[in-house]
Amino acid sequence: MATAAGELPKAARGKKQEDVGQIPQWKLMVRRFSQSKLSVGALIVLGFMYTMMIFSDFIAPYPHDALDSNNAFAPPTQIVWGPEGPGIYGLKQELDIERFQWIYTPDPSTIYPIRFFVQGHEYYFLGLFPSRLHLFGVEAPPEANAKIFLWGADKEGRDLFSRVLKGSQISLTLGFFGVFLFVVIGSIVGTASGYFGGALDNLIQRLIELIRSFPDLPLYMALAAAVPLTVPVTVRYFMITIVIAVVGWTGLAREVRGKVLAFRSADYTAAAIAAGASHWHIITYHLLPNAMSHIVVVGMLAIPGAIGLETALSFLGLGILPPAVSWGVLLRDAQTVQAVVTYPWLLIPVILLIVTVMAFNLLGDGVRDAVDPYA
Amino acid sequence: MLSFIARRLVNMLFLLIVVSFVGFWIIQLPPGSILDVQIQRLRMQGGSLPESMIQAMRERYGVDDPFYIQYWKWIQRSLQGDFGTSFETDQKVAERIYNRLGISFGLSLTALLFTWLVAIPIGVYSATHRYTWPDYLITFIQFLGLSIPGFLLALVLLIMASRLWDQPIGGLFSPQYADAPWSLAKVLDFIRHVWIAIVVLAIGATAGLTRIMRANLLDVLNMQYIQTARAKGLKESTVIWKHAVRNAIHPLVMALGTTLPALVVGETLIAIILSLPTIGPLYLDALRSQDMYLAGTILVMLSALLLIGNLLADLLLAWVDPRVRLE
Amino acid sequence: MANGAIGTATATTGARVVSEDDVIRVEDLKLSFYTTLGVVRALNGVSFNIPRGKVIGVVGESGCGKSQTGLAIMRLTPGRIEGGRILFREFNAGEEIDIVQLDKNGPEMRKIRGNHISMIFQEPMTSLNPCYTVGYQIEEAILLHQTQDKAEARRRAVDILRKVGMPNPERIADSYPHQLSGGMRQRAMIAMALSCTPTLLIADEPTTALDVTTEAQILDLMRELQHEIGTSIMFITHNMGVVAQMCDEVAVMYLGRIIERAAVDDIFYDPKHPYTISLLRSIPRLGVARGQKLESIKGTVPDPYSTVPGCPFHPRCPAAIPGLCDAVMPDEVFVAGSRTHTVRCHLYT
């Protein structure tokens, strides 16, 4: 940049350096970030999705695993306006013998009203507080077969809306934790490798080279397949998190090592060493803060990949397994063209997945531009 | 240069040995083995199974041997080109692997070619027309391409194609061509079957490469030598294509080594949806049925592919960049 | 831009050393950058001329607009030219061309660039393309402007490499830039710039990145070639020592304006503008009494996003007249008794 545009960058840099003196750096970052409307939009979308996730049990009208053979593959419920506000019709289930499909016809004789803040099945809010309160529900006798399926039902008659909400608890968090873990591992190993050098560095570099000699996806698949099938869901969740981290840290460790090597030979580090500073002090005061923005950006940009990876593994039957629910598990129902053509609502989890991944990508881009305002 | 290649080859061979060892170790990690699956199936089919027969099978598959002996047996046989007999179908594995690897390779190579032909011009356009609406449009499409999982795209394309015209669903050939000798009709039929896979594979990779190309070119365009080229009075198009792109293409070449194996396995999900007989679904089946010899073989083969890809990329880089060449 | 109007008036009516023999005349050039942080007025009405066969030094601190002036003449500046004229007259051609009116990437401008006006940049390490041989990069310019014959272009490239003092020019022509040292690369750049015997050579701090011995060699070489070819040189630098060695005339720039213009001897022995005086005092010299402190100019260059009312130098000027210098922009006037020495300062009006 410096030379090509001639005099301007010099002048501009002079100005910005003054800015740094006057405005704290984080404010500069926030200012820069908020200039990118797309990134701010992405942040809002993600905020909304994570809020939905936290309140998922409250928002979901039915338990995610409530089987209902009377509503297998029921389409999204049509909402009508009745005397008591919004409501729905009951459904009549028939079997189309020729095509061997369930056919549902609404029964317009009665409108069953949708009520808000109703009592329903019991759940533990945030896994801690028992509650029966739900955002909405339909008041109808069981024999009427009037259930509200905002996004339709799957082959077992389970409410897809409730299942997607439940699935978000895994899909939106697993990739996040996986990345967090690999950022921690990558930073520590990379710093150690770059700072201490010598045999340790050599060993770590060989290890990274070895891990990188495997193609990513097959290695992820092999590691995920190594998790025993019989372990409980929570253990499986953490094992898959570790699988994501175990392969992912290598790239970051290399980059952090490079940064640390560069900062280590900088004059201010030499000055600190000459002043008798301890290794710990040098690493935490002089090296890590300089590498931090880079680490954060790499982490942010890795999240969408990790979320996609969890979905892919679960879709392949190697990640999260039923009866636990993640978006990848839900997509297993959408594997065949026939299913998707007949029951297109089964693709709703994909739309959410795309929105999430896109939002994280945009957010990551925004953060990258923001933490490096002089780029 | 020759010594450079030789050194790289030796290093690669050494890495491959370690990779095969670690790979095999990972594959045999899960408790139980294909034998348990097999015994269970035999029991379900034929009721009782004599203990002596189980014992015979255990010995044949070497299940009770310590890990390193299993590894040794496996590597010995693999080196002789004998990848064993598939537990599932009781047929020689080698032929199946080669067949499928060939198809995977062909598809990926085509997709790769497609990717480069599309990504470079678009990336260049995007970088040279920064902050114009086509650039924003390209960026938006890139984001879509990066964010939409390939298998969904495959699904959507398949649905659209089967609705709009008579898109065949699944497989490589229509039944009437499956065993027919190669002819123009058979080639066309083949293309009709695989075009979705190639397009889907290419789109994801193209989005990524376009983004890299744009970023690199923007960096290079800020270099002094671009100003020098302009100061000579060269046309802007010459400045860009001859002086800038040549320098910006480095990271793309370096990425080549990883792109090819990524494409080869990236099609796993797509192949499942399009029911294509490629290496991905075979690997997945082997993992799920704990067929460790088969899964291990495929994993090591793919690693070898990655290492060879990296070597080729390095050679290509040396050809493109005189600085690398002369070191 | 409270003083824009005054600046314009000066340019058209004020003092000017006008000569029929000028290769380039810049009149009231204005250049701005529109950035996300605001507008930077890089040039605020720059006027000067370069006579045929002379070396003009353009000096000033970083950010004063000297490099942008050079780039504007080449039409390679990323900024926007908002006013003024750049009149160029090539060797043995009567017509003056206003470069500002040309399409910046059009065929007329490209025919001038590298052929009639060429440029050398500050960083020899990065100004040659690492992917092509030095010879190829020189031939490229020759093939573009001089001849279509590849063998002839090659011959001329080797010739010019020999001329810039390269030992074994054939071998150098086949080398890649990274195989050469910084000084060699700058010689190669000079060879490239002179390969089409340009009317004007713009040298943007060509020796700043080099060590002192190499710098001296390169300067000698440039001076020598300048005599031989008769090219005019616009020599951009911040180093007054280099100016003394190289230039016939000097223009001193401050914040996008030329504030003093004179023959090189006048600048060194009879500087008028307080900025020029301070600039000269800040050079270390032999023969100065021991223990005497080297002077520096107080303060820093003001923020480029803002505009300073009155004379742009008044906040740092030791002789500033309150009420005048901080309110009114001084005109450019001749120093009493001279036809070549102009200054833009209230002390001399």
Side-chain angles (χ1 to χ4, degrees), chain A residues 1-6 9 38 42 206-207 209-230 304-305 308 311-313 315-318 328 331 334-341 344 346-347 349-351 353-362 365, chain B residues 11-12 15-16 18-19 22-23 26-32 143-144 146-149 151-152 155-156 158-159 162-163 169-170 219 221-227 258 261-262 264-266 268-269 272-275 280 283-284 286-288 290 295-296 298-300 302-307 310:
Chain A
M1 178 73 203
T3 41
L38 274 176
R206 292 290 84 75
L207 179 65
E209 195 180 349
L210 173 66
I211 294 177
R212 300 194 81 147
S213 299
F214 288 100
D216 303 353
L217 191 62
L219 184 58
Y220 281 120
M221 285 166 72
L223 287 170
V227 179
L229 296 172
T230 48
T311 311
L313 288 176
F315 176 79
L316 291 173
L318 296 171
L331 285 178
Q335 269 190 31
T336 60
V337 183
Q338 286 82 357
V340 176
V341 170
L346 293 178
L347 282 180
V350 172
I351 296 168
L353 183 71
I354 293 172
V355 171
T356 310
V357 170
M358 264 182 86
F360 267 117
N361 273 332
L362 286 169
D365 268 24
Chain B
N11 188 31
M12 203 179 101
L15 255 180
L16 209 55
V18 184
V19 160
V22 174
I26 293 170
I27 296 287
Q28 60 82 49
L29 269 182
F143 261 106
L144 275 183
L146 282 177
S147 302
I148 298 180
F151 64 97
L152 168 79
L155 211 54
V156 171
L158 199 55
I159 292 167
S162 61
R163 289 240 160 146
I169 290 169
D219 281 351
L221 284 175
N222 276 325
M223 292 289 179
Q224 186 71 75
Y225 53 79
I226 297 303
Q227 201 75 305
T258 46
V264 170
V265 290
T268 306
L269 294 150
I272 289 170
I273 286 184
L274 301 176
S275 17
Y283 179 61
L284 179 65
L287 278 178
R288 289 216 295 209
Q290 301 188 354
I298 296 176
L299 182 60
V300 173
L302 291 175
S303 304
L305 198 61
L306 178 71
L307 291 174
N310 281 337

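Each chain gets a letter, A, B and so on, in the order its sequence line appears, and its residues count up from 1.
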Just so I understand: if I count every heavy-atom pair under 4.5 Å between each of A:V357, A:I351, A:D365, A:I354 and chain B, which residue has the most? A:I354
Output the option from A:S213, A:A312, A:P304, A:G317 having the highest count of non-hydrogen pairs under 4.5 Å with chain B. A:S213
With rounding to the nearest 0.5 Å, note down the distance linking CG in A:L38 to CG in A:N361. 12.0 Å
To the nearest 0.5 angstrom, please state how far the OG1 atom of A:T311 sits from the CG atom of A:L353. 4.5 Å
Heavy-atom cut-off 4.5 Å, strictly under: side chain, backbone, both or neither for A:F214 against chain B? both
Of all heavy-atom pairs linking B:L306 and A:P215, the shortest is CD2-N, 3.8 Å
Toward chain B, the part of A:R212 with a non-hydrogen atom under 4.5 Å: backbone
With distance as the sole test, does B:Y283 use its side chain to make a donor-acceptor pair with the main-chain N or O of A:P218 at under 3.5 Å? yes
One option among A:L210, A:L219, A:I211, A:L318 has the most heavy-atom pairs under 4.5 Å with chain B, and it is A:L210
What's the separation between atom CG in B:L287 and atom CG in A:L316, rounded to the nearest 0.5 Å? 9.5 Å
Where do A:L223 and B:I26 come nearest, in terms of heavy atoms and distance? CD2-CG2, 3.7 Å
Pick one of side chain, backbone, both or neither for A:L347, based on which atoms fall under 4.5 Å of a heavy atom in chain B. side chain
So which residue, B:I298, B:V300, B:L284, B:V22, ends up with the most heavy-atom pairs under 4.5 Å with chain A? B:L284
